[in-house]
Amino acid sequence: MEINGTRVLDTFAEAFPTWISRVIITGDTAEWAYRAAVEATGFATSKIFCPCEAGIERALGPHETPDGRAGFAILICAEKKLMKSNVAARISQCVLPTPTASAFDGFPDAEARFYTRMHYFGDTYEERCVVGGRKCWKIPVMEGEYVGEERFGTVKGIAGGNFLVMGKDREAALAGVEAAIEKISGMQGVITSFPGGIVRSGSKVGCKNYRFPMPASTSHRWCPTLKDRIGDSLVPDGVGSVYEIVLNGVDEAAVKAALRAGILAATETGTVMYIGASNFDGKLGQHRINLHDLLR
């Protein structure tokens, strides 16, 4: 398949089930809400070594938040049994200390729910309150009061939807992948948890050559500098650089919509030679997203 002069390889992205919580973070200004959201999604690129995967989903207007202030929605992805500890830690250590910030549940209708027990920080001086029809707590802090919810929902989602952007050199490939991220940014229901939404160091499970166990190592078959050194390289001729975009989303429809939008945006730059995808030959992920089917 060829789109806008870019070859799309006949392959598929392999994605996995996960659990997702959405936290709505607000502030007196969009800037303070954003700063809290950035902190709350830090060190959360990949579950390989991070406690969870997280990212900013999109900006929210005052009409979309419980307290009528500007805000941002973030998505936190983890195993269900670990969701409570991850959400509690990121709210208590990243949102609570941020000036004017509050945190609210982004999945109020979810059946699976948990309590963060944030109100204990108030040392018995906390008080119950209602904000936008939601049961919240007022916790005295040096600034004045922190106000927010402590009960959150979590839903089943998808992690690891991806595509590869390939160019003749780093500059060409980066131009294409940056255009893709710009298109995906702000789409509802998805996040790209890596820095700037882009991965330069794709990985495989375990390692091939070291004798000690490793959770992951470089995806050597997609490394252009190894093309002439290994016999099973997947890098097409002429490609000098490969980047990856990895998406987590609330459902397959959201992930597919973002993948399609990002791929088309990358091809429109004129700098991308090939589009591909990373997978494990269908052995690990429950979701297989064929690129040709996605783009037809």
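From a predicted model like this one, the values you see are computed outputs, not experimental measurements.
No side-chain donor-acceptor contact under 3.5 Å links T269 to the backbone of A265.
R69 and S102 are linked by a side-chain donor-acceptor pair at a separation below 3.5 angstrom, with hydrogens and angles left out of the test. In this structure, a donor-acceptor pair under 3.5 Å is absent between the side chains of D169 and S241. A donor-acceptor pair shorter than 3.5 Å cannot be found between the side chains of N4 and E268. Side chains of T154 and K80: a donor-acceptor N/O pair is absent below 3.5 angstrom, by distance only. A donor and an acceptor atom, one from each side chain of N279 and T11, are located under 3.5 Å apart.
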Requested in this report: Take R22 and D105 through the test salt bridge (charged side-chain N to carboxylate O under 4.0 Å, His left out) and record every step on the way to the result.
Outcome: CA-CA 6 Å; R22 176 186 282 135; D105 178 24; over 6 Å; no

Requested in this report: Any chance you could lay out the side-chain hydrogen bond (donor to acceptor under 3.5 Å, both in side chains) test for E252 and H287, step after step, and finish with the verdict?
Outcome: CA-CA 8 Å; E252 189 169 302; H287 303 274; 3.0 Å; yes

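Within the 4.5 Å cutoff, the side chain of M118 has heavy atoms near those of the S92 side chain. I245 has its side chain within reach of T192: a pair of non-hydrogen atoms, C-beta onward, lies under 4.5 Å apart.
Between E39 and R35 there is no salt bridge, since no side-chain N of the basic residue sits under 4.0 Å from a carboxylate O of the acidic one. Using a 4.0 Å cut-off between charged nitrogen and carboxylate oxygen, R134 and E149 count as a salt-bridge pair. The pair K227-D237 meets the salt-bridge criterion, with a side-chain N (NZ, NE, NH1 or NH2) lying under 4.0 Å from an Asp/Glu carboxylate O.
When hydrophobic clusters are built by joining Ile, Leu, Val, Met, Phe, Trp and Tyr residues whose side-chain heavy atoms come closer than 4.5 Å, directly or via intermediates, V87 is grouped together with I56.
Under a cut-off of 6.0 angstrom, the local environment of CD in E182 is sparse, with at most 12 non-hydrogen atoms contributed by other residues, nucleotides or ligands.
Between the NZ atom of K204 and the OG atom of S217 there is a distance of 3.0 Å, given to the nearest 0.5 Å. To the nearest 0.5 Å, atoms CD1 (I275) and NE2 (H292) are separated by 11.0 Å.
A cation-pi arrangement, defined by a distance under 6.0 Å to the six-membered ring centre and an angle within 45 degrees of its axis, is absent between R117 and Y120. Under a cutoff of 6.0 Å and an axis angle of 45°, R7 and Y274 do not form a cation-pi pair.
For the salt bridge (Lys or Arg N to Asp or Glu O under 4.0 Å) with K138, the qualifying choice from E127, E126, E150 is E127, the only one to do so. Checking I263, D10, L164 one by one against L291, the side chain to side chain contact (heavy atoms under 4.5 Å, CB included) holds for a single residue, I263.
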